[in-house]
Protein chains: 2
Amino acid sequence: MNNALTHPAIITRLTTVKSPKPSNAPTLEDVARHAGLSPMTVSRALNNPQVVRPKTVEKVMQAVRATGYIPNALAGGLASRRSKLIAVVVPQINNNMFVDTIQALSDELALRGYHILLSVTGYSEQTEADLVATLLSRRPDGVVLTGIHHSAEMKKIIFNAAIPVVEIWDLTPTPLDMLVGFSHEKVGQATAEYLLQEGYRRPGLLWTPDRRADQRKHGLSETFKRQGISQLPQIDVPLPASLALGREGLTRLLADGEFDVIVCSSDTLAQGAIMEAQSRGLTVPQDIAVIGFGDLDFAASNRPAITTVSVDRRAIGQRAAMLLADRIEHIPHEDAIIDIGFHLVKRQSA
Amino acid sequence: MNNALTHPAIITRLTTVKSPKPSNAPTLEDVARHAGLSPMTVSRALNNPQVVRPKTVEKVMQAVRATGYIPNALAGGLASRRSKLIAVVVPQINNNMFVDTIQALSDELALRGYHILLSVTGYSEQTEADLVATLLSRRPDGVVLTGIHHSAEMKKIIFNAAIPVVEIWDLTPTPLDMLVGFSHEKVGQATAEYLLQEGYRRPGLLWTPDRRADQRKHGLSETFKRQGISQLPQIDVPLPASLALGREGLTRLLADGEFDVIVCSSDTLAQGAIMEAQSRGLTVPQDIAVIGFGDLDFAASNRPAITTVSVDRRAIGQRAAMLLADRIEHIPHEDAIIDIGFHLVKRQSA
DNA sequence: TTGTACGCGTTATCAT
DNA sequence: ATGATAACGCGTACAA
């Protein structure tokens, strides 16, 4: 699609389109004429009413209603160098984990007059670089990136653009700029500690290949190793996780050995593993325990209820939105790095 | 929030922001200077390379790389009156039904150089009108709306904007403009016919309050009524549907009477109903059958697998994208109304 | 095939 | 408190 010759940000038109309509949409000038004012006063009345006489504002509002005026944000953004657009890049959206964060981000930003440009990478760093380059052509006021691993190319592009960035869903002392997330390493540790404390000694992993899941696994296996339990058997399933993959994964794990607990990289897989166990006549957690990650909405009401790690997904979006908007609007902020934390929710499955 | 005085499209700045940076981002002129060409030739080389001498194009590309040029779509859109932006309005995104459609829409449009502006209404028509007005300030080249019921105010706004519109997820002979969807009425009929044919005579409804679900219910109850079965008992649960609400809903239904099949307005509720039935020692479908809607990813691998109605959610997005992009680019198209259809998937739960 | 002049609709800045 | 003027960065239309 992208012209092979070009910069990733440049998309060559495939068809030559001509003839822009004369556009009869009313402009600021139409409103100004209608109100007997200058365009500049109308602009102020709309964007900065406190510096305009109330009576004038009222005149403007009437003219706006009369003309059906809708501001042109392209022109406004061009002139003011502020687009009121935030570019958001996530690996997936058919993954319930990110959707809540996006929704919260969008809600919070909408309150402050921002719109979101959403793009999906499919977990590829190269795709991310291309997407970001393309998105930057919209001149967003800020960028939200998922995770802390990015291609060098993308970092360069972002750096050159000199644009506020929030990385979400992960933690590092050295973010590109701002960050809202939590430690996946610690999630893994906490999970292992809980399982050890509950007496589990033969864990099996049902895992998906993404970097944050890998970090959780690292924390998990290091903690188990310290108790003399190493070489955790593991089955990998592709993204996106699904109930079906959970069932299939457990089947494959059980063919490999014996376990007292199955640690899943997501609640979705956990639900599938539980279902598969039950269909084999195994009782969860007595015969085999299962623990998930994410505390998705079904986790609490599953049968048995799924023990998992809860993360405030909406808070990630909210805090990220506030960090960005505040930075853009030059509102000072203490922490540019926010650890949103997590907590283990003990239910029935493990 | 929106200033009470204003048009919904107008969002008053809460803080006065000043000092636009001088912006050292390279412009077309910088690239032109670097390449020893006029800005216009550079513009053509990027947007319409076929009308530029290949050697010139190459010179331009080198200059683009050298300068790190990223086009300014705000300026481009303002000048060309084409923003390459599509506004998309959906009721929910934490609802798996719409996410696949959005993803497909986004993928298809990205291929053609468009970006998506996503907004969520939360099933409110007033919210939709406000959102659309705000979105139109971005001067999108097209709009995607979910459903066919809109406030008169919004229709007026859309009409005045004279912008291509695709309505999705529903069917009507009289769309605002273009349409990609299917008949919810017929889904209801097909569901009832299937259940009657399978011998079910005492259906109970587990339902959510949205207009498309209502249409399905209408088709369903009319068909049952023709067989002498009227007054279908019904329990309503709020949106968004969840496993928990499915369980709770079945509990309440069972307190109300006896049923041989529970018809759910979504697979999510169906999964919950099945789980609740099982936890009460009922066998599905022998003691009580359950049928869903949507064919979400877990439906096929649930235990028992959920009988449901499948809709090609990605196709809705793809076709909508093609309709819109073709219209925008003046590529002729036969049908402006596409019935994407559906099919009943017989599995185990009913 | 390439270049020139101008306008797209708005806001920053300075003046009144 | 309001207005005049000059950008903002690019594409259209026409000229060369």
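The chains referred to below are lettered A, B, ... by the order of the sequence lines, with proteins before strands, and numbering in each begins at 1. Treat the numbers as computed from the prediction; the structure is a model and nothing was measured.
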Phosphate-side-chain proximity, A:N72 and C:dC8, N/O vs OP1/OP2 below 4.0 Å: no
Distance below 4.0 Å between A:S38 side-chain N/O and D:dA4 OP1 or OP2: no
Nearest-angstrom distance from the residue atom CZ of B:R33 to C1' of D:dC10: 15 Å
Value in whole Å for how far the C1' atom of D:dT5 lies from CD of A:E29: 14 Å
Gap between atom NE2 of B:H150 and atom OG1 of B:T121 - 0.5 Å precision: 10.5 Å
Atom-pair distance (CG on A:N48; C1' on C:dT10), nearest Å: 14 Å
Distance below 4.0 Å between B:S80 side-chain N/O and D:dC10 OP1 or OP2: no
Closest listed nucleotide, where the reference is the side chain of A:L37 and the choices are D:dG3, C:dT11, C:dG7: D:dG3
Sugar-phosphate only, base, or nothing, as touched by B:L78 at under 4.0 Å among non-hydrogen atoms: base
Distance in angstrom units between A:N47 CG and C:dG9 P, rounded: 17 Å
Whole-Å gap separating P (C:dT10) and CD1 (A:I70): 11 Å
Length of the CE-P vector between B:M40 and D:dA16, whole Å: 17 Å
Verdict with supporting geometry, B:Y114 and B:L324, side chain to side chain contact (heavy atoms under 4.5 Å, CB included): CA-CA 11 Å; B:Y114 294 85; B:L324 258 189; over 6 Å; no
Exercise: do A:E125 and A:H149 side chains pair donor with acceptor under 3.5 Å: no
Approximate separation, where rounding is to 0.5 Å, of A:L131 CG and B:H115 NE2: 7.0 Å
Phosphate-side-chain proximity, B:R82 and D:dT12, N/O vs OP1/OP2 below 4.0 Å: yes
Electrostatic pair B:R112-B:E108, nearest N-O below 4.0 angstrom: no
N/O (side chain, A:S43) to phosphate O (OP1/OP2, C:dT11) under 4.0 Å: yes
Side chain of A:R44 (C-beta onward), nearest among D:dC8, D:dG3, C:dG3: D:dG3
Protein-nucleotide distance (B:L46, atom CG; D:dG11, atom C1'), rounded to Å: 12 Å
C:dT2 phosphate, OP1 or OP2, under 4.0 Å from B:R53 side-chain N/O: yes
Distance, rounded to the nearest Å, where A:K84 contributes NZ and D:dC8 contributes P: 22 Å
Base of C:dG9 paired with side chain of B:R81 (donor-acceptor, under 3.5 Å): no
OP1 or OP2 of C:dG9 under 4.0 Å from side-chain N/O of A:T27: no
